[in-house]
Number of protein chains: 2
Amino acid sequence: MLTHAERTETWLAALRGHGYRLTAPRQAVVAAVAESDRALIPAEVHDQARRAYPRLGLVTVYRTLEKLEELHLVQRVHRPDNCQAFVAGVEGHQHLLICQKCGRVQYFSGDQLGALIQRVQADSGYEIHDHWLQLFGECGEC
Amino acid sequence: MLTHAERTETWLAALRGHGYRLTAPRQAVVAAVAESDRALIPAEVHDQARRAYPRLGLVTVYRTLEKLEELHLVQRVHRPDNCQAFVAGVEGHQHLLICQKCGRVQYFSGDQLGALIQRVQADSGYEIHDHWLQLFGECGEC
DNA sequence: GTGATTGCAAAGCGTTTGCACCGTA
DNA sequence: TACGGTGCAAACGCTTTGCAATCAC
């Protein structure tokens, strides 16, 4: 488990490693997402990142999120009302637990869906490649 | 399990029962969604429904889908790339199996997630109210 | 110095709203 | 006949693109 600052550094290193330049606007966007435990929409990332870099344009937020998603450093969070929010990703196959009040996100694993997937596959004639499991609720702080 | 035509009739009856008028454009939209086994985006519903009622405007598609969603006759389908598609809903708590090629949708139940949800709830301090489970793959016909 | 990156402004796209006309009940 | 429903056109909000200026390497 990384600290927030370590996560920012890791992401910046990954961007650099893929040939991307490290600019001040880009660093502000990366820090905003890497150091949040909530799913943020682009406008929220913009608001947050402008505290570090006030001249930041919204366009740069979109372009940076796109790169972070490409590198699997962030992932999109789908909610009933909004599917444009992003959170820090994790290694391996994990699922999301999302607070419906504040948007705070936690990962969990161990879904044990193997048997269910086998059964549904046999019953339906589909070949199943992937699954989404998300839990919604209210977090301890809300 | 209803036939497609029966489903259309059921939905029209439900709309009538809620005080909505039965117009030709509305019937065309209802039939398009009720008689599809794929998740359709509004533009696809429009295309399909115009075969029955060519003057149909896209706006009416949106307004009718809104009413069908209110009455829980259709539900929105979330996919990695698109969250605006609609399918016929089912009674009770069921999950979706979606073909990534053609968009064909099937429901299944029996997720047995109770124990997992209890565990995650205890570990996380969240109070879990709801869950989403979706399987993605390729259907028999694709 | 060179080419990636930026912010602005404009374009694009799907969705919603305003409104006069139409058609169901 | 009354009023809900319709299609058109315009407005809207979010996202993407074109471009000249800027800045990391």
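Values in this document were obtained by computation on a predicted structure and should not be read as measured data. Quick note on labels: first sequence line is chain A, next is B, and so on, each numbered from 1.
One can place CG of L58(A) at 13 Å from C1' of dA9(C), the figure rounded to the nearest angstrom. Rounded to an integer number of Å, the gap from E66(B) CD to dG4(D) C1' is 14 Å. In this structure, CG of L12(A) is placed 16 Å from C1' of dC25(D), rounded to the nearest angstrom. In this structure, Q27(B) atom CD and dT6(D) atom P are separated by 10 Å, rounded to whole Å.
The side chain of T23(A) lies closest to dA24(D), out of dA24(D), dT6(D), dC8(D). Among the nucleotides dG7(D), dT6(C), dG7(C), the one closest to any side-chain atom of R55(A) is dG7(C). Relative to the side chain of K67(B), the nucleotides dT5(C), dT6(C), dG5(D) differ in distance, and dG5(D) lies closest. When each of dG4(D), dG7(C), dG7(D) is scored by its nearest atom to the side-chain atoms of R21(B), the top-ranked nucleotide is dG4(D).
R63(B) comes within contact range of at least one nucleobase, with a heavy-atom separation under 4.0 Å. Here I41(B) lies out of heavy-atom contact (under 4.0 Å) with every strand.
Closest non-hydrogen pair, L116(B) versus F108(A), comes out as CD2-CE1, 4.0 Å.
Annotation: of the two residues near DNA chain C, A24(A) and A43(B), the 5′-most nearest-nucleotide partner is A24(A).
Although no hydrogens or angles enter the test, the distance criterion places a donor-acceptor pair under 3.5 Å between the side chain of R38(B) and the main chain of C102(B).
Atom CD1 of I128(A) sits about 8.5 Å away from atom CD of Q118(A), to the nearest 0.5 Å.
Under 3.5 Å, the side chains of H131(A) and H129(A) contain no donor-acceptor pair of N or O atoms.
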